Amino acid sequence: MPPWPRCSLMQWTLPSPQSEAAMEQCASVEREVDKVLQKFLTYGQHCEQSLEELLHHVGQLRAELASAALQGTPLSATLSLVMSQCCRKIKDTVQKLASDHKDIHSSVSRVGKAIDRNFDSEICGVVSDAVWDSREKQQQILQMAIVEHLYQQGMLSVAEELCQESTLNVDLDFKQPFLELNRILEALHEQDLGPALEWAVSHRQRLLELNSSLEFKLHRLHFIRLLAGGPEKQLEALSYARHFQPFARLHQREIQVMMGSLVYLRLGLEKSPYCHLLDNSHWAEICETFTRDACSLLGLSVESPLSVSFASGCVALPVLMNIKAVIEQRQCTGVWSHKDELPIEIELGMKCWYHSVFACPILRQQTSDSNPPIKLICGHVISRDALNKLINGGKLKCPYCPMEQNPADGKRIIF
Amino acid sequence: MAVQESAAQLSMTLKVQEYPTLKVPYETLNKRFRAAQKNIDRETSHVTMVVAELEKTLSSCPAVDSVVSLLDGVVEKLSVLKRKAVESIQAEDESAKLCKRRIEHLKEHSSDQPAAASMWKRKRMDRMMVEHLLRCGYYNTAVKLARQSGIETRKKALQSGRREPAGRSPPGHGHAGLPARHTHLPLQGPAGPGPVADADPAVPVRQLPAAPAGEQLRVHAHLAGRPLGDKDTCYKEDGSSKSPDCPVCSRSLNKLAQPLPMAHCANSRLVCKISGDVMNENNPPMMLPNGYVYGYNSLLSIRQDDKVVCPRTKEVFHFSQAEKVYIM
């Protein structure tokens with residue numbers, strides 16, 4: 001692994017501290033556009049007005065000339081003067097209109113310049129195309145990923161259309177769970193708890209293993225809805241409450257709250273201390289809970305792989321472009337060979353830590369199957385390569401606590 | 001959303017991603033401006049000509065009737081000028097308003113409300129997808145997607161009376177979030193009848209960026225393989241270490257990401273295989289005698305009668321046999 005000077009590269013690629021300045025981009029383009037819009041507005045009004053005036057003036061003159069008194073006579077001197085004045089006025093006005101419009105051009109081109117200044121026009125080759133052997137195959141795989149994403153998002157008709165247009169075949173077993181999930185979610189959006197309850201009951205065992213309280217929440221929501229129906233629903237609500245029985249141990253407090261709210265049924269729940277039960281957010285929350293639990297059950301991620309990839313690409317792209325520019329500027333192109341490893345770490349947040357990564361603190365490299373992490377007797381962990389480097393005369397001194405030990409005593413660990 | 005994008009990061013991304021989003025309506029604005037100027041110049045010269053004729057006649061003592069008929073001509077030309085000017089300005093104004101709408105849409109990325117910000121991110125992804133689909137020639141899908149995700153706004157712009165190929169209504173200029181890419185959409189494609197040079201041939205291809213956003217979807221999918229993936233775990237042959245949440249472990253992306261370079265990690269980050277939680281001082285990593293490491297809290301949760309079963313090898317150990325490991 002080339003020991004490139006990572007530290008010095010890092011300092012050039014951190015985002016500039018003024019995030020407000022970064023958001024200036026849109027604002028500065030917007031300013032220019034606003035100016036143009038204003039100019040169009042005033043010009044348009046002015047243009048219409050002056051042409052209206054001209055037409056009116058000419059119309060008046062024409063009416064005067066066309067009056068019966070003057071038929072067939074030669075034009076009088078005064079009228080001729082008036083006419084030539086009118087002609088001059090017309091010429092001046094229309095020529096000014098044309099040149100006024102031309103003046104707006106500079107404002108328009110300033111918009112373009114603002115865009116060029118604030119946005120990068122090229123994604124400079126951060127990805128090298130040579131990486132794939134066949135572009136068509138890559139396209140196909142990507143198309144497949146898009147179809148999967150669309151199914152997961154519940155956009156079934158779009159997915160179908162794409163399959164048709166791209167002649168891709170998606171087998172039914174893949175589609176099936178999504179179709180069902182989508183059906184249940186749609187019902188939930190319509191505030192129909194039936195299909196969801198059915199599903200929850202049929203998957204009760206596995207849901208319990210996941211520590212999911214979905215079934216209880218569904219029952220609770222139904223109960224609350226009955227409550228919202230007013231005092232007439234009291235009997236129905238009470239009899240529905242027996243559904244809570246299996247959840248009595250885990251959700252005791254919540255059941256107590258709901259039973260307590262019955263007292264205020266006649267008064268009206270909205271005016272009672274239990275009005276929070278009627279919150280609409282419960283419906284949004286149940287959709288989320290259902291999606292999350294159902295995905296866990298099916299071994300799916302809640303967010304489609306494509307959207308996570310895309311989002312991480314969005315984060316990575318400017319960083320990589322930045323560093324590429326720095327590398328070119330400092331002319332140390334050897335530093336980043338596209339095949340190896342990215343030259344810089346890209347922070348995506350802890351939710352994206354899907355697999356453990358161990359970086360040897362001594363050699364600062366990721367461990368791998370060929371160079372696994374080893375636990376020393378003292379409990380410190382280093383990579384095997386580091387361990388081998390530290391062997392001195394058949395013995396090994398831990399770099400963190402000066403404990404001497406036998407290299408063979410190191411134990412390979414798996415995270 | 002799994003990936004955390006701070007406002008500063010979003011702005012950086014905006015800078016490199018959204019050039020076409022704004023540049024294309026700007027080009028349309030420019031084009032319409034020039035067309036308006038041409039119209040106004042042309043009609044102005046017509047008016048000037050007619051007025052010059054009138055002036056000539058005036059200097060030679062005309063009869064009233066001939067003056068009246070010339071005046072009629074002037075009135076007519078002035079009316080045409082007025083009409084054309086109003087039309088042209090309207091068209092220019094429309095494209096300037098489109099620019100404005102797009103900027104406002106882009107500004108929403110920095111909205112204070114998290115719901116608005118995540119809606120923006122979702123729309124961004126949909127925008128890129130639509131564009132990618134257009135580039136591949138899947139017009140119907142693109143339209144459907146645009147419609148469903150709410151980024152297709154005005155259909156008026158589509159029925160522009162220009163020759164649109166039948167059965168296809170590509171998202172045109174009226175779309176709030178979509179740059180119009182008609183001029184360099186590929187000519188092939190199953191639904192691609194007729195030349196694509198319908199909408200705006202005047203926008204030269206070379207002015208639009210060489211690596212347009214449609215490519216970005218491809219680029220992003222690739223880049224992502226990098227920061228997310230981990231050679232050994234995502235690609236183990238027996239699939240034993242796949243994680244359902246890791247995108248690189250998923251079927252299609254697994255294949256796509258294979259040739260890509262790995263992410264660079266200077267610091268360790270450890271995730272417990274049982275719970276998916278981070279292992280750190282609050283949840284120290286513990287090694288069982290078989291060498292497998294889990295978080296202390298997870299071991300507590302699977303402990304039964306002072307014994308734990310390693311989830312991966314099914315070996316049974318005493319809880320006390322777990323040793324703490326120290327990660328620097």
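Lettering of chains follows the sequences in order, A, B, ..., and the numbering in each one begins at 1. Values in this document were obtained by computation on a predicted structure and should not be read as measured data. Below, each value reflects all heavy atoms present in this structure, side chains not excepted, and no hydrogens, waters or symmetry copies.
With contacts defined as side-chain heavy-atom distances shorter than 4.5 Å, the pair B:Lys121/A:Cys314 does not qualify. Two residues are said to be in side-chain contact when any heavy atoms from C-beta on lie closer than 4.5 Å; B:His132 and A:Ile146 meet this criterion. Contact annotation: the side chain of A:Leu162 approaches that of B:Leu133 to within less than 4.5 Å [non-hydrogen atoms, C-beta and beyond]. Side-chain contact between B:Met129 and A:Phe310: absent, with no pair of heavy atoms (C-beta onward) separated by less than 4.5 Å. Here the side chains of A:Glu48 and B:Ile89 are not in contact, with every heavy-atom distance at 4.5 Å or above.
B:Ala36 touches chain A through backbone and side chain together, each having a heavy atom under 4.5 Å away. Neither the backbone nor the side chain of A:Ile382 comes within less than 4.5 Å of any heavy atom of chain B.
Between the side chains of B:Tyr19 and A:Asn118, no donor-acceptor pair of N or O atoms lies under 3.5 Å.
One finds no salt bridge joining A:Arg88 and B:Glu55 here, because no Lys/Arg side-chain nitrogen approaches an Asp/Glu carboxylate oxygen to under 4.0 Å.
Of all the listed residues (A:Glu160, A:Gln95, A:Gln143, A:Arg412), the one sharing the greatest number of non-hydrogen pairs under 4.5 Å with chain B is A:Gln143. Listed options B:Asn30, B:Val50, B:Leu29, B:Leu78 were ranked by heavy-atom pairs under 4.5 angstrom with chain A; first place goes to B:Leu78.
Between the side chain of A:Glu165 and the backbone N or O of B:Thr141 there is at least one donor-acceptor pair closer than 3.5 Å.
B:Lys100 pairs by the salt bridge (charged side-chain N to carboxylate O under 4.0 Å, His left out) definition with A:Glu30, A:Asp34, B:Glu104, not counting sequence neighbours.
Note: B:Phe33 and A:His105 have tilted aromatic rings, judged against thresholds of 30 and 60 degrees for the angle between ring planes.
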